[in-house]
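All values reported here derive from a predicted model rather than from experimental measurement.
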Amino acid sequence: METALISVIVPVYNVAQYLEKSIASIQEQTYQNLEIILVDDGATDESGRLCDSIAEQDDRVSVLHKQNEGLSQARNDGMKQAHGDYLIFIDSDDYIHHEMLNTLYNQIVEKNADVSICGVMNVYSNSETPQCSDINMDFVCDKEGFLKEYLIGEKIPGSICNKLLKKSIADKLEFPVGKIYEDAFYHYDLINHADKYAVSTKPYYYYFH
């Protein structure tokens, strides 16, 4: 089956010790038709130079260097550079399972959904705990069902980073600049545009605390 292009947007700010592991987990996906956009948000450590080094070795990777304006604006600026049919945001101190993007893509196509979602693994210095106690659930929900499960936060965790979006929908949205919990604002805007959500609770997004 011909595969669509997925744009992966990674905001980067002073995460030199985590960055290579994070980007490698994206590069090593079984789903390979990717463009990986690293947004250097005015980093003052080695992060910007690491981004350039990674891009030199993988032609799927591009780097946008910009002045520091915060996570929301970095994501918004990265989205403007995206050419994919689908789009996902990954934080640069986290990492992902090698099957995550393949799973999300197959879900969104097979279920004819607007958004595809996987579970989150909470990673601590000496332990890992899945957000959902049942990691083998698969279901589809509408706006109301999505909002309910999002507010509960177990089957649909609150991060935007475990969600693959149709680019046509992402184009209508922006992260709010200057607000904390920017993901929450984004999700509440998302339900105005996305009708169908495909969900797997497999904990494929590794959220490093």
Can you see which heavy atom on K143 is nearest to which on N192, and at what distance?
NZ-C, 3.6 Å

Determine whether L87 and L164 satisfy the following criterion, side-chain contact (heavy atoms from CB on, under 4.5 Å), listing intermediate values before the conclusion.
CA-CA 6 Å; L87 183 145; L164 181 70; 5.9 Å; no

Any donor-acceptor pair under 3.5 Å linking the side-chain atoms of E174 with those of N76?
no

The reported gap from CG in D40 to CG in L64 (rounded to nearest 0.5 angstrom) is 8.0 Å

Would the number of heavy atoms belonging to other residues, nucleotides or ligands and lying under 6.0 Å from NZ of K66 be above 12?
yes

Within a strict 4.5 Å, meaning less than it, do heavy atoms of the L19 and C51 side chains meet?
yes

Rounded to the nearest 0.5 Å, what separates atom CG in D138 from atom NZ in K111?
7.0 Å

Is a donor from one side chain sitting under 3.5 angstrom from an acceptor on the other, for D77 and Q81?
no

Check: T103 side chain, E99 main-chain N or O, donor-acceptor pair, under 3.5 Å
yes

For V39 versus G78, what's the shortest heavy-atom pair and its separation?
CG2-CA, 3.7 Å

Do the ring planes of H187 and F146 sit parallel (below 30°), tilted (30 to 60°) or perpendicular (above 60°)?
parallel

Any chance the rings of Y95 and F208 have centres within less than 6.0 Å?
no

Joint hydrophobic cluster, M79 plus I37, side-chain heavy atoms closer than 4.5 Å:
yes

In terms of heavy-atom contacts, A16 and S47 come closest through N-OG, 3.3 Å

Nearest-0.5 Å distance that lies between atom NE2 in H98 and atom CD in E28
10.0 Å

Under the side-chain contact (heavy atoms from CB on, under 4.5 Å) rule, what do M137 and V199 come out as? Steps first, then yes or no, please.
CA-CA 8 Å; M137 299 178 66; V199 183; over 6 Å; no

Test side chain to side chain contact (heavy atoms under 4.5 Å, CB included), reference F175, set D189, D183, L71, output is D183

With a 4.5 Å heavy-atom cut-off, do I26 and I90 have their side chains touching?
yes

Atom pair NZ/CG of K166 and D171 - distance to nearest 0.5 Å
13.0 Å

Any side-chain to backbone donor/acceptor pair from S7 onto A82? Under 3.5 Å, distance only.
no

Check the hydrophobic clustering (I, L, V, M, F, W, Y; side-chain heavy atoms under 4.5 Å; chains of links allowed) and say if L165 and Y31 are grouped together.
no

May I ask you to test the Y86-I108 pair for a side-chain heavy-atom distance under 4.5 Å?
yes

When you check the side-chain N and O atoms of Q32 and R60, is any donor under 3.5 Å from an acceptor?
yes

Do I88 and L5 sit in the same hydrophobic cluster, where Ile, Leu, Val, Met, Phe, Trp and Tyr count as joined when their side-chain heavy atoms come under 4.5 Å apart?
no

List the atom of E182, the atom of S72, and the distance in Å for their closest heavy-atom pair.
CB-OG, 3.2 Å

Quick one: are L104 and N106 in side-chain contact, heavy atoms under 4.5 Å?
no

Give the minimum heavy-atom separation between C118 and N162, together with the two atoms involved.
O-ND2, 2.7 Å

Would Q131 and N122 count as having a side-chain donor-acceptor pair, cut-off 3.5 Å?
yes

Nearest-0.5 Å distance that lies between atom CZ in F89 and atom CD1 in I160
7.0 Å

Q107 side chain to S200 backbone, donor-acceptor under 3.5 Å:
yes

Once rounded to the nearest 0.5 Å, what's the spacing between atom CG of N102 and atom NE2 of H97?
11.0 Å

Has the side chain of S92 got a donor or acceptor atom that lies under 3.5 Å from a matching backbone atom of P11?
yes

Are I23 and Y18 connected in the hydrophobic side-chain network, where two residues link if heavy atoms are under 4.5 Å apart?
yes

Run the numbers on Y105 and L101 for side-chain contact (heavy atoms from CB on, under 4.5 Å), then give the verdict.
CA-CA 6 Å; Y105 174 73; L101 296 182; over 6 Å; no

Do Y204 and I96 have side-chain heavy atoms sitting under 4.5 Å apart?
no

Would D114 and Y197 satisfy side-chain contact (heavy atoms from CB on, under 4.5 Å), going step by step from the backbone distance to the final call?
CA-CA 6 Å; D114 299 311; Y197 304 79; over 6 Å; no

Within-4.5 Å side-chain heavy-atom neighbours: K155 and D134
no

same_hphob_cluster(L151, V120) at 4.5 Å side-chain heavy-atom cutoff
no

Is E154 reaching over with its side chain to a backbone N or O of S133, donor-acceptor style, under 3.5 angstrom?
yes

Going by atom types alone, do T44 and N14 pair a side-chain donor with an acceptor below 3.5 Å?
yes

Keeping Q67 on the side-chain end and D41 on the backbone end, is there a donor-acceptor pair under 3.5 Å?
no

Report the residues that fulfil ring-ring contact (aromatic ring centres under 6.0 Å, His included) with Y207, sequence neighbours left out, ordered by chain and then residue number.
H209

Check whether any side-chain N or O of N33 sits under 3.5 Å from a backbone N or O of T3 as a donor-acceptor pair, and report yes or no.
yes

Grab the two heavy atoms, one from C161 and one from R75, that are nearest each other, plus how far apart they are.
SG-NH2, 3.8 Å

Return yes if a side-chain donor-acceptor contact under 3.5 Å exists between D94 and Y205, otherwise no.
yes

Donor-acceptor contact below 3.5 Å, side chain S127 vs main chain Y124
no

Heavy-atom side-chain contact between H83 and K167 under 4.5 Å
no

